[in-house]
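Following: one structure in structure tokens, then a few remarks.
Chain identifiers are assigned alphabetically (A, B, ...) following the order of the sequence lines, protein sequences preceding nucleic acid strands; residue numbering begins at 1 within each chain.
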Protein chains: 2
Amino acid sequence: MAVPQIEELELLHARICRAFGDTKRIQIMYALHEEPRHVTALAELLDTPQPTISRHLAVLRDRGLVTTQRDGAAVVYALSDDRVIMVLNLMRQILRGLLERQSDHLGVSESR
Amino acid sequence: MAVPQIEELELLHARICRAFGDTKRIQIMYALHEEPRHVTALAELLDTPQPTISRHLAVLRDRGLVTTQRDGAAVVYALSDDRVIMVLNLMRQILRGLLERQSDHLGVSESR
DNA sequence: TCCATGTATTCGTTTATGCGAATACGTCAT
DNA sequence: ATGACGTATTCGCATAAACGAATACATGGA
């Protein structure tokens with residue numbers, strides 16, 4: 001049973017994975033890991049229209065990956081589980097390894 | 001610099017993340033973690049048409065997440081970095097946490 | 001209550017992604 | 001070379017996501 005059951009996990013699993021499938025959302029998650037922020041702050045930080053940020057936040061919210069807290073008219077978002085950053089960083093490590101191997105096979109001299 | 005630069009990492013990062021965005025590919029990765037398999041074996045195990053498996057493998061191959069090795073007319077695929085399974089399992093842990101909280105908020109009595 | 005600020009949603013369009021079906025390509029044995 | 005088996009690719013279609021633009025909704029103060 002190394003391959004988990006589709007019905008109970010894989011389908012929902014894909015729900016989580018999809019949240020990671022957009023660059024903007026990845027940025028948002030990193031930004032929220034730095035510190036909780038409200039929508040406008042995120043929009044300015046990422047140089048992105050506010051509605052776009054709001055829509056991405058809605059995705060993360062629907063999946064339960066972020067929490068909200070009102071602060072007057074503003075809404076402060078925060079990561080609900082910092083392990084998503086662990087996931088992202090692990091992925092970056094994997095990516096680095098892949099890129100290195102790729103460079104090796106191409107006979108590219110190591111830069112950096 | 002808690003929010004990594006887009007150009008160098010996030011965009012490529014999304015390349016990795018997208019590989020996780022399909023349920024079939026997740027199954028394939030788990031199946032390959034069990035043991036290297038050839039295309040037909042995967043197709044049978046996952047009860048999926050061979051061309052579909054091949055296309056998903058092409059995605060994983062393009063991203064460098066799997067390696068190939070010929071065995072006669074067959075091609076044996078293997079995970080190129082088992083840490084992808086760590087990523088997936090970590091995501092599952094996160095998912096479980098989210099589901100629990102969700103149940104709590106709904107006042108659902110704990111089953112299991 | 002009305003306004004200003006901040007946030008969320010809708011609409012229409014564009015782009016990407018996955019699939020079934022058919023087919024092409026590769027490898028090996030005869 | 002031909003055929004059988006295994007794998008990869010192409011085509012057309014259907015679905016899903018993301019975006020810009022416009023707009024609706026919510027909150028708090030005058």
### Query
Below 3.5 Å, does any donor atom in the side chain of B:Arg70 face an acceptor in the base of D:dG6, or the other way round?
no
### Any A:Tyr77 side-chain nitrogen or oxygen under 4.0 Å from OP1 or OP2 of C:dA8
yes
### Query
How many Å lie between CD1 on B:Ile28 and P on D:dT7, as a whole number?
13 Å
#### Entry: Whichever of A:Gln50 and A:Lys24 has its nearest DNA chain D nucleotide further upstream toward 5'
A:Lys24
#### Entry: A:Arg25 CZ to D:dC19 C1', straight-line distance once rounded to whole Å
13 Å
### Query
Does A:Thr52 put a side-chain nitrogen or oxygen below 4.0 Å from OP1 or OP2 of D:dG20?
yes
### Query
Which nucleotide sits closest to the side chain of A:Pro49: D:dG20, D:dT9, D:dT7?
D:dG20
### Query
Quick one: is C:dT7 close enough that its OP1 or OP2 comes under 4.0 Å of any side-chain N or O from A:Thr40?
yes
### Message
Can you work out whether B:Thr48 or A:Leu57 has the more 5'-proximal nearest nucleotide on DNA chain C?
### Response
A:Leu57
### Task
Write down the distance between CG (A:Asp47) and P (D:dG20), rounded to a whole number of angstrom.
11 Å
### Task
Mark yes or no for whether B:Arg70, through its side chain, and B:Ala73, through its backbone, hold a donor-acceptor pair below 3.5 Å.
yes
### Task
Check step by step if salt bridge (Lys or Arg N to Asp or Glu O under 4.0 Å) holds for B:Arg83 and B:Asp81.
CA-CA 5 Å; B:Arg83 286 178 298 181; B:Asp81 190 332; 2.8 Å; yes
### Query
When the distance from CD1 of B:Ile53 to P of D:dT9 is rounded to whole Å, what number comes out?
15 Å
### Query
Rounded to the nearest Å, what distance is computed from the NE2 atom of residue B:His38 to the C1' atom of nucleotide C:dG26?
16 Å
### N/O donor-acceptor pair under 3.5 Å between B:Arg37 side chain and B:Leu42 backbone
no
### Query
Closest to the A:Ala73 side chain: C:dG18, C:dA8, C:dG6?
C:dG6
### Query
Taking only side-chain nitrogens and oxygens of B:His56, does any of them come within less than 4.0 Å of OP1 or OP2 of C:dC19?
yes
### Query
Whole Å only: how far is the CZ atom of A:Arg18 from the P atom of C:dA16?
16 Å
### Message
Could you check whether any side-chain heavy atom of A:Asp71 comes within less than 4.5 Å of a side-chain heavy atom of A:His38, counting everything from C-beta outward?
### Response
no
### Query
B:Leu60 has an atom CG; how far is it from atom C1' of D:dT7, in whole Å?
16 Å
## Note on the structure
Side-chain contact check for B:Pro51: nearest option of C:dG18, C:dA21, D:dC19 is C:dA21
### Query
Once you round it to whole Å, what is the distance between P of C:dT7 and CD of A:Glu44?
10 Å
### Query
Do the side-chain N or O atoms of A:Arg55 get closer than 4.0 angstrom to the phosphate oxygens (OP1, OP2) of C:dA8?
no
### Test item: B:Thr68 side-chain N/O and B:Val75 main-chain N/O as donor-acceptor pair under 3.5 Å
no
